[in-house]
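To start, the structure itself, in structure tokens.
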Amino acid sequence: MRADRLVAALLFLQTRQRVTAAELAAELEVSERTARRDLEALASAGVPVYSQAGQGGGWSLVGGARTDLTGLTAPEIRALFLLTGPDTGASPQTRTALRKLVRALPPPLREGAEAAARAGVSDGTDWAGTETAEEARLGPLQRAVVEAREVRIGHARPGREERERTVQPLGIATKAGVRYLVADTEDGLRTFRIDRVTSVTETGAPAVRPDGFDLPTAWRALAARMEVRMVAATVRGRAAPGTEPVLEAVIGGRIRYGERARDGWTPFEADGPSPEVIAARLAGLGARVELLDPPEARAALTRIGAELTSLYGESDAPSPAPPATPEAPPRAPASTGTRHG
């Protein structure tokens, strides 16, 4: 979302009693769809913008027309500057426009706006000093979304070959700090992790936006499908004393514990995309974790162990003694939702 256009939209709203998306589109020289998205972005930032349907309807600022910015409250101004802050990749022209906007504010509100403008920073390089793939692709994808441009992207998942696809970019969603491109494809709506996008090339064609598309609604549906895939399998196992923090760091929140046994080991259940994926994540814990079910998980660990032995052979260095592994307790399902004390 371009900060300078949002500011222009806000100032245009303050000079009119009510405006339509078509009028704003003509003023900003953008499509009506883009103008409507800008108005919705202002509303989501806390600016008091509301729409009225029907004949004579349109978009208005609560309280009527204004000729300056004194109608905005301090929280609303801070929200606007955070929305258009440095992490959005604002251009030098945008930053100049924001500085002018700050100077136009009344003194009581200027300090909060300046603080909000300084509240974020974006560093597009990793610790090796090179630009990260995500930062390199984010700008072109944002422009493609805003300007409704069809693009061809390269995308590579871990362990798979890179694949190119022509997509209709519809929005960018962030979940737990990870950015995803939401796009329409020949296979329907899909998400693409931006840090796995390897190339972005505009095709020269306009993007086709599905009728009635709403990004928050679409993201909720896509996220629900991903959640189902992420918990498609469950493994049962037991963990040696003191292993729980490491186990949780590896598996995350998709783990449930049973009551700790008298030998100190704790039964658990863990969810993941497949038994093989869960086993691979737990392989680094060695003898501190024993998987009990299903057989596919145990077979995966056997394969991993054989591969490592084949690669490294027998080591001359003394191996640390594994945790005591008394006779395994009966393989009853772990009681879910109960944590040991």
Side-chain angles (χ1 to χ4, degrees), residues 1 37 40-41 44 87-88 132-142 144-146 150-200 207-237 247-257 268-284 291 293-294 296-297 300 334 336-337:
M1 191 63 64
R37 286 202 300 268
E40 292 169 351
S44 68
D87 192 43
T88 61
T132 62
E134 180 177 8
E135 292 295 338
R137 311 306 177 202
L138 180 60
L141 289 174
Q142 285 178 324
V145 170
V146 172
E150 180 185 81
V151 294
R152 187 163 183 80
I153 63 171
H155 189 257
R157 294 181 179 179
R160 300 188 184 182
E161 294 184 358
E162 178 181 341
R163 179 184 178 187
E164 286 195 345
R165 302 188 68 169
T166 299
V167 303
Q168 317 295 317
L170 302 175
I172 292 175
T174 303
K175 184 176 180 64
V178 179
R179 292 188 180 101
Y180 296 84
L181 171 69
V182 178
D184 201 8
T185 73
E186 59 185 9
D187 301 318
L189 289 181
R190 291 291 185 271
T191 60
F192 302 89
R193 277 185 59 148
I194 294 179
D195 59 358
R196 295 175 182 170
V197 173
T198 57
S199 62
V200 181
V208 178
R209 194 177 184 88
D211 292 337
F213 176 80
D214 177 72
L215 181 59
T217 301
W219 172 254
R220 285 192 294 270
L222 290 166
R225 279 160 41 187
M226 285 191 286
E227 286 290 341
V228 171
R229 292 198 298 269
M230 291 297 291
V231 296
T234 300
V235 303
R236 292 195 313 109
L247 190 59
E248 291 163 11
V250 173
I251 298 297
R254 299 186 177 94
I255 187 166
R256 300 172 296 281
Y257 296 97
F268 68 86
E269 291 182 347
D271 300 326
S274 70
E276 292 80 6
V277 168
I278 304 173
R281 291 175 180 172
L282 296 177
L291 294 187
D293 288 308
E296 295 88 344
T336 61

Intermediate values then yes/no, side-chain contact (heavy atoms from CB on, under 4.5 Å), Ile251 and Leu282: CA-CA 8 Å; Ile251 298 297; Leu282 296 177; 3.8 Å; yes
Going through the distances and angles, do Glu248 and Tyr257 end up as a side-chain contact (heavy atoms from CB on, under 4.5 Å)? CA-CA 11 Å; Glu248 291 163 11; Tyr257 296 97; 2.8 Å; yes
Take Val197 and Leu181, measure what side-chain contact (heavy atoms from CB on, under 4.5 Å) needs, and give me the verdict at the end. CA-CA 9 Å; Val197 173; Leu181 171 69; 5.7 Å; no
Take Thr234 and Arg256, measure what side-chain contact (heavy atoms from CB on, under 4.5 Å) needs, and give me the verdict at the end. CA-CA 11 Å; Thr234 300; Arg256 300 172 296 281; 3.9 Å; yes
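The closest donor-acceptor contact from the side chain of Gln168 to the backbone of Val208 lies under 3.5 Å.
For the pair Ser199 and Glu164, the tightest heavy-atom approach, listed with the atom from each and the gap, is OG-OE2, 4.3 Å. Nearest heavy-atom pair across Ala233 and Ile278 is O-CD1, 3.9 Å. Considering all non-hydrogen atoms of both residues, Glu296 and Pro275 come closest at CB-CB, 4.0 Å. Nearest heavy atoms, Pro169 versus Val145: CB-CG2, 3.7 Å. Here the closest non-hydrogen pair linking Ala279 and Ala297 is CB-O, 3.6 Å. The two atoms that bring Arg137 and Ile194 nearest to each other are CB-CG2, 4.3 Å, heavy atoms only.
Using a 4.5 Å heavy-atom cutoff, the side chains of Arg190 and Val167 are not in contact. Within the 4.5 Å cutoff, the side chain of Arg225 has heavy atoms near those of the Leu222 side chain. Put simply, the side chain of Ile153 reaches to within 4.5 Å of the side chain of Leu141, judged on heavy atoms.
Listed by chain and residue number, Pro273, Ser274, Arg281 satisfy the side-chain contact (heavy atoms from CB on, under 4.5 Å) test with Val277 (two or more places apart in sequence, or in another chain). Contacts of Arg209 classified as side-chain contact (heavy atoms from CB on, under 4.5 Å), with partners at least two apart in sequence or in another chain: Arg33, Arg37, Leu170, Phe213.
Of the charged side-chain nitrogens involved, none lies within less than 4.0 Å of a carboxylate oxygen, so that Arg220 and Glu227 do not count as a salt-bridged pair.
The ring-ring contact (aromatic ring centres under 6.0 Å, His included) contacts involving residues 168-198 comprise His155-Phe192, Tyr180-Trp219, where partners must be two or more places apart or lie in separate chains.
To the nearest 0.5 angstrom, Leu215 atom CG is 10.0 Å from Glu40 atom CD.
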